[in-house]
Q: 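Have a look at the structure that comes next, please.
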Amino acid sequence: MDHRFVGIPDLTDVPRVAVVVDVMRAFTVAAWVFSRGAEKIVLASSDAEALALKERRSGWLALKDGAPATGFDTVNSPGLIRALDLAGRTVVQKTTAGTVGALAVASAPLVLCASFVVAGATARFLKTDGSGPVTFVVTGDDGQATEDLACAEYIGQHLARGDAEVGPYLHRARTSRAAADLADGVRRGYQGVHPDDVDLCLEVDTFSFAMVARQEDSLTVLRPVAVPAESAEARCSAPA
């Protein structure tokens, strides 16, 4: 099965199935938001839209990347998100790459958002759905982000073989420019980053849900979908 790996600027059509990958940090953060009990994430196209959505809906929270900012409740950091209680909440998320990529393919029949922490569940969801070739949207660095491409290729190998050795993919991500930039931000004491962010972004299969984006009342809404673990029989029957 021929999958495509493209950057946001290279999207020239609406794919049948899109997996939007942002490892550091949007869709690692999104997974942690759900793990802390959030009901849904609304993806915003701008900081202004995120704040407007929060203002119009009682109880909604807003997060963005970068340093803390007036009106936003938290930032795009898994290390900081994991300490929050988000039970039943709706979170509006705006980032410079991940949410942009998801919104760019929002009209596709099936859109998933992914990172290493949900990689296995994403692959299992796609196998069950049986929707055909996948367009992987590599969101960082105009489609050149090493960590996003590594994660996308890892999910693609899961689809093709039923399993994959994750070590080489993680090594590429750990030695990426994004990982170095995050680590440098920690050393410099930047706001909006946590010392554990790089390690949290490089955890694999931390969560057993996929994250599916759908249109709801003119909004692009991300929700978790539980995905059962693959049986040993199914793994043994995967093509070599």
Side-chain angles (χ1 to χ4, degrees), residues 3-34 38-57 60-66 69 71-78 81 89-115 117-118 122 125-126 129 131 134-145 147-149 151-152 155 178 201 209-225:
H3 304 305
R4 291 194 301 162
F5 301 85
V6 301
I8 298 171
D10 302 318
L11 287 166
T12 57
D13 56 8
V14 178
R16 170 68 184 83
V17 181
V19 175
V20 187
V21 181
D22 189 325
V23 172
M24 295 183 186
R25 296 169 283 175
F27 297 139
T28 301
V29 165
W32 274 98
V33 165
F34 290 130
E39 177 187 351
K40 63 180 182 287
I41 295 172
V42 176
L43 304 180
S45 61
S46 67
D47 289 358
E49 183 188 16
L51 292 177
L53 287 168
K54 174 190 169 180
E55 180 70 21
R56 294 199 298 267
R57 272 81 168 184
W60 284 23
L61 305 174
L63 75 82
K64 65 182 288 294
D65 51 10
F72 286 88
D73 302 280
T74 187
V75 293
N76 195 48
S77 161
I81 292 292
R89 306 299 290 270
T90 293
V91 175
V92 183
Q93 185 181 32
K94 166 62 178 74
T95 70
T96 55
T99 60
V100 174
L103 292 171
V105 293
S107 60
L110 178 60
V111 179
L112 291 92
C113 297
S115 61
V117 296
V118 293
T122 300
F125 181 97
L126 290 166
D129 184 82
S131 298
V134 176
T135 294
F136 288 95
V137 182
V138 179
T139 59
D141 198 17
D142 289 336
Q144 302 303 309
E147 72 285 356
D148 293 341
L149 183 58
C151 182
I155 295 171
C201 289
F209 53 79
M211 300 187 294
V212 181
R214 297 188 176 94
Q215 298 301 294
E216 299 182 17
D217 297 327
S218 77
L219 299 175
T220 302
V221 177
L222 193 62
R223 294 181 184 270
V225 177

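Start at 1 with the first residue, then count along the sequence.
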Q: Side chains of Thr90 and Val42, heavy atoms from C-beta outward: is any pair under 4.5 Å?
A: yes
Q: Please examine the side chains of Thr139 and Val100, heavy atoms only from C-beta on, and report whether any two atoms are closer than 4.5 Å.
A: no
Q: Are any side-chain N or O atoms of His3 and backbone N or O atoms of Val134, one a donor and one an acceptor, separated by less than 3.5 Å?
A: yes
Q: Got a sec: does the CD of Gln144 have more than 12 other heavy atoms crowding it under 6.0 Å?
A: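 Incorrect, the count does not exceed 12.
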Q: Can you tell me how far the OG1 atom of Thr95 sits from the CG atom of Leu63, to the nearest 0.5 Å?
A: 8.5 Å
Q: Indicate the atoms forming the closest heavy-atom contact of Thr99 with Phe27, along with that distance.
A: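 So the two residues come closest at N-CZ, 4.1 Å.
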Q: Go through the steps to decide whether Asp47 and Phe72 satisfy the test side-chain contact (heavy atoms from CB on, under 4.5 Å), and finish with yes or no.
A: CA-CA 9 Å; Asp47 289 358; Phe72 286 88; 3.9 Å; yes
Q: Provide the closest heavy-atom pair for Pro109 versus Pro15 in the form atom of the first, atom of the second, distance.
A: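 Looks like CD-O, 3.4 Å.
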Q: If you take all heavy atoms of Ser115 and Cys151, which pair is closest and at what distance?
A: C-SG, 3.4 Å
Q: Between Asp148 (side chain only) and Gly140 (backbone N and O only), is there a donor and an acceptor less than 3.5 Å apart?
A: yes
Q: Within the 4.5 Å heavy-atom criterion, are Leu53 and Leu219 side-chain neighbours or not?
A: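 Answer yes - side chains close enough.
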Q: Return the OG to CG distance between Ser46 and Leu51, rounded to the nearest 0.5 Å.
A: 8.5 Å
Q: Compare all side-chain heavy atoms of Ile81 with those of Asn76 and state whether any distance is below 4.5 angstrom.
A: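 Ile81 vs Asn76: side chains apart.
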Q: Is Thr220 reaching over with its side chain to a backbone N or O of Leu103, donor-acceptor style, under 3.5 angstrom?
A: no
Q: Between Val138 and Ala145, what is the shortest heavy-atom contact and its length?
A: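 Reported closest heavy-atom pair: CG1-O, 3.9 Å.
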Q: Quick check against the 3.5 Å criterion: does Gln93 have a side-chain atom that pairs as donor or acceptor with the backbone of Ala26?
A: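 Flag set: sc Gln93 to bb Ala26 pair under 3.5 Å.
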Q: Where do Leu149 and Phe5 land on the side-chain contact (heavy atoms from CB on, under 4.5 Å) test, with the steps shown first?
A: CA-CA 8 Å; Leu149 183 58; Phe5 301 85; 4.0 Å; yes
Q: Quick one, Leu110 with Leu126, criterion side-chain contact (heavy atoms from CB on, under 4.5 Å). Give me CA distance, side-chain angles, the key distance, then yes/no.
A: CA-CA 10 Å; Leu110 178 60; Leu126 290 166; 4.3 Å; yes
Q: Counting only heavy atoms from other residues, nucleotides and ligands, does the tally under 6.0 Å from CZ of Arg57 exceed 12?
A: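 Yes, enclosed.
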Q: Under 30°, 30 to 60°, or over 60°: which ring-plane class applies to Phe209 and Phe34, parallel, tilted or perpendicular?
A: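 Rings of Phe209 and Phe34: perpendicular, as their planes differ by over 60°.
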Q: What's the shortest heavy-atom distance between Val29 and Ser77, and which atoms?
A: CG2-N, 3.5 Å
Q: Just by modelled atom types, is the Ser45 backbone N or O under 3.5 Å from a matching donor or acceptor in the Glu49 side chain?
A: yes
Q: Do Asp142 and Ile8 have side chains that approach each other closer than 4.5 Å (heavy atoms only, starting at C-beta)?
A: no
Q: Heavy atoms, side chains only, cut-off 4.5 Å: are Thr74 and Leu61 in contact?
A: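 Of all side-chain heavy-atom pairs linking Leu61 with Thr74, none is under 4.5 Å.
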Q: Any ion pair linking Arg89 and Asp73 (charged N to carboxylate O, less than 4.0 Å)?
A: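 A salt bridge is absent here (no side-chain N lies under 4.0 Å from a carboxylate O).
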Q: Quick one, Val91 with Trp60, criterion side-chain contact (heavy atoms from CB on, under 4.5 Å). Give me CA distance, side-chain angles, the key distance, then yes/no.
A: CA-CA 6 Å; Val91 175; Trp60 284 23; over 6 Å; no
Q: Would you confirm whether Thr122, through its side chain, and Ala210, through its main-chain N or O, come within 3.5 Å as a donor-acceptor pair?
A: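 Pair absent, no side-chain N/O of Thr122 close to backbone of Ala210.
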Q: Indicate yes or no: at least one non-hydrogen side-chain atom of Val105 is less than 4.5 angstrom from one of Leu11.
A: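 Result yes, sub-4.5 Å side-chain heavy-atom pair found.
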Q: With Thr96, which residues qualify under side-chain contact (heavy atoms from CB on, under 4.5 Å), at least two apart?
A: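 Scan of Thr96 (side-chain contact (heavy atoms from CB on, under 4.5 Å), adjacent residues dropped) gives Asp65.
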Q: Please identify which of these residues, Gln215, Lys40, Arg214, Glu39, meets the side chain to side chain contact (heavy atoms under 4.5 Å, CB included) condition with Val221.
A: Lys40
Q: Mind listing the closest non-hydrogen atom pair of Ala31 and Met211 along with its distance?
A: N-SD, 3.6 Å
Q: Measure the shortest side-chain to side-chain distance between Pro78 and Cys201 over non-hydrogen atoms and say whether it is less than 4.5 angstrom.
A: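 Answer yes - side chains close enough.
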Q: Tell me, which pairs form a salt bridge (charged side-chain N to carboxylate O under 4.0 Å, His left out) where one or both residues lie in residues 94-108, sequence neighbours left out?
A: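 Salt bridge (charged side-chain N to carboxylate O under 4.0 Å, His left out) check on residues 94-108 returns no pairs.
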